[in-house]
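Proteins come first, then strands; the chains are lettered A, B, ... in the order of their sequence lines, and each starts at number 1.
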Amino acid sequence: MPELPEVETIRRSLEPLVVGRTVARLELRTPRLRVPLGEELRRGVEGRCITGSGRRGKYLWFVLEDGRGWFFHMGMSGRLRFVEGADAGEGVHDHLIARFAGGDALVFHDPRRFGLSIVDDPATSKLLADMGPEPLDEVAFDSDYLAAFRRRTTRAVKDVLMDQRVVAGLGNIYVNEILFLSGVRPRRSMVRMTLRDCAAVVVATREVIAEAIEHRGSSISDFLDGIGQRGGYQWRHRVYDREGQPCTTCRAPIKVVVVGQRSSFYCPRCQR
DNA sequence: GTAAACCTGGCA
DNA sequence: TGCCAGGTTTAC
């Protein structure tokens with residue numbers, strides 16, 4: 001499911017609801033997601049008050065009173081939802097239910113179980129250690145930074161942008177959209193990118209990610225934020241999942257190729 | 001580098 | 001029945 005804009009949308013929707021709340025009890029209803037869930041997680045969270053929240057790439061965390069972070073990654077199908085009252089979390093794929101003191105709950109729901117939940121120190125966590133710059137960080141993520149990868153790899157530009165070590169938080173949907181706006185085909189080798197192409201990609205990345213956050217992410221099948229609302233950016237997708245449909249710029253039919261095992265949609269006329 | 005693995009659900 | 005899906009890791 002979620003790429004950076006969806007994760008940020010979840011974080012923003014939940015923060016005002018959970019900050020100041022204390023987790024009275026954490027119910028673990030499955031032995032593992034992408035990592036095992038166990039007593040360590042329960043001990044890290046139970047009895048602690050949430051004092052803030054953070055996000056880096058596709059990871060989000062709630063800051064606990066001891067300074068550590070309660071981390072989540074949504075994988076492909078994860079949902080995090082605040083539920084009012086006491087009768088929350090009876091669904092089939094509700095794997096994690098945090099009951100707050102005084103009622104209400106936070107429920108992690110994930111049919112495919114590719115998600116993750118652990119407690120770790122945000123400042124030193126291995127999860128974040130090798131991650132590239134945030135795409136909206138204008139200082140760290142600029143055209144020179146991206147252009148430098150031309151000397152390091154011959155991989156397709158789409159692969160490079162999907163690599164979390166290069167830039168954080170981009171996934172299949174947004175890289176497709178970014179490359180369309182940049183006029184660059186997903187299979188183009190990084191080596192064949194001009195400095196001008198790199199600049200176009202960086203500008204398009206900022207535009208697409210900022211706009212997607214404004215629209216509260218893309219709900220292509222079932223994405224919901226922390227309070228059950230759909231996003232609106234799916235209506236603005238120009239190429240993603242539009243095979244055969246006319247390009248919004250030139251009317252040529254959108255094509256699809258596979259790059260790095262993922263479907264990549266592009267306009268054969270606008271993207272070279 | 002590329003493929004397969006981890007899982008379930010939805011759709012042709 | 002088979003293929004595809006917003007992700008990441010691990011194995012040839």
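- No donor-acceptor distance shorter than 3.5 angstrom exists from the side chain of A:Gln271 to the backbone of A:Pro186, with no hydrogens or angles considered.
- Looking only at distances, no side-chain donor or acceptor of A:Glu134 sits under 3.5 Å from a matching main-chain atom of A:Arg56.
- Atom-to-atom, CD1 of A:Ile10 to P of C:dG6 comes out at 16 Å; the value is rounded to the nearest Å.
- Residues A:Phe265 and A:Val239 share a closest heavy-atom pair of CB-O, 3.2 Å.
- Distances shorter than 4.0 Å separate none of the side-chain N or O atoms of A:His93 from OP1 or OP2 on B:dC7.
- The CZ atom of A:Arg165 sits 9 Å away from the P atom of C:dT9 (whole-angstrom rounding).
- One interatomic measurement links the two molecules: CD of A:Glu3 to P of C:dG7, which rounds to 5 Å at whole-angstrom precision.
- Spacing of C1' atoms, C:dG6 relative to B:dG1, comes out at 24 Å, to the nearest Å.
- Proximity of A:Tyr174 to the phosphate of C:dG6: no side-chain N or O atom is located under 4.0 Å from OP1 or OP2.
- For C:dG6, the OP1/OP2 oxygens have a side-chain nitrogen or oxygen of A:Arg262 closer than 4.0 Å.
- To the nearest 0.5 angstrom, A:Glu8 atom CD is 8.0 Å from A:Ser53 atom OG.
- Rounded to a whole Å, the CZ atom of A:Arg187 is 15 Å from the C1' atom of B:dT2.
- Close to C:dG6, at under 4.0 Å from its OP1 or OP2, lies no side-chain N or O of A:Lys58.
- The separation between A:Asp110 atom CG and B:dC6 atom C1' is 11 Å, rounded to whole Å.
- Between A:Asp159 and A:Val92, the residue anchored closer to the 5' end of DNA chain B is A:Asp159, taking for each the nucleotide with the nearest heavy atom.
- B:dC7 and C:dA11 have their P atoms separated by 15 Å, given to the nearest Å.
- Between the CG atom of A:Leu80 and the C1' atom of C:dG6 there is a distance of 16 Å, rounded to whole Å.
- Each of A:Thr154 and A:Gln261 lies near DNA chain B, and the nucleotide nearest A:Thr154 is the one positioned closer to the 5' end.
- For A:Glu6, whose side chain is taken as the heavy atoms from C-beta onward, the closest listed nucleotide among C:dG6, C:dT8, B:dG9 is C:dG6.
- Between A:Tyr233 and A:Tyr174, the ring planes are tilted. Angles from 30° to 60° get that label.
- Among the protein residues, A:Arg34 comes within range of the sugar-phosphate backbone only, with heavy atoms under 4.0 Å from sugar or phosphate atoms but none that close to a base.
- Using N1 to N3 plus N6-O4 or O6-N4 for Watson-Crick, or N1-O2 and O6-N3 for G-U wobble, each under 3.5 Å, B:dC6 pairs with C:dG7.
- Atom CE in A:Met162 sits roughly 13 Å away from atom P in C:dT9 (whole-Å rounding).
- Tested against A:Arg48, the residues A:Val63, A:Val119, A:Asp66 include a single side chain to side chain contact (heavy atoms under 4.5 Å, CB included) partner, A:Asp66.
- Contact annotation: side chain of A:Arg112 to base of B:dC7, donor-acceptor pair present below 3.5 Å.
- For A:Ile220, the side-chain atoms get nearest to C:dG6 when compared with the rest of B:dC7, C:dG7, C:dG6.
- Between A:His73 and C:dT8 there is a side-chain N or O to OP1 or OP2 distance below 4.0 Å.
- Regarding contacts with the backbone of C:dA5, every side-chain N or O of A:Ser77 stays at 4.0 angstrom or more from both OP1 and OP2.
- Whole-Å rounding puts the A:Asp241 CG to B:dA12 P distance at 11 Å.
- Remark: ring of A:Phe114 stacked against base of B:dC6; centroid gap under 5.5 Å, plane tilt under 30°.
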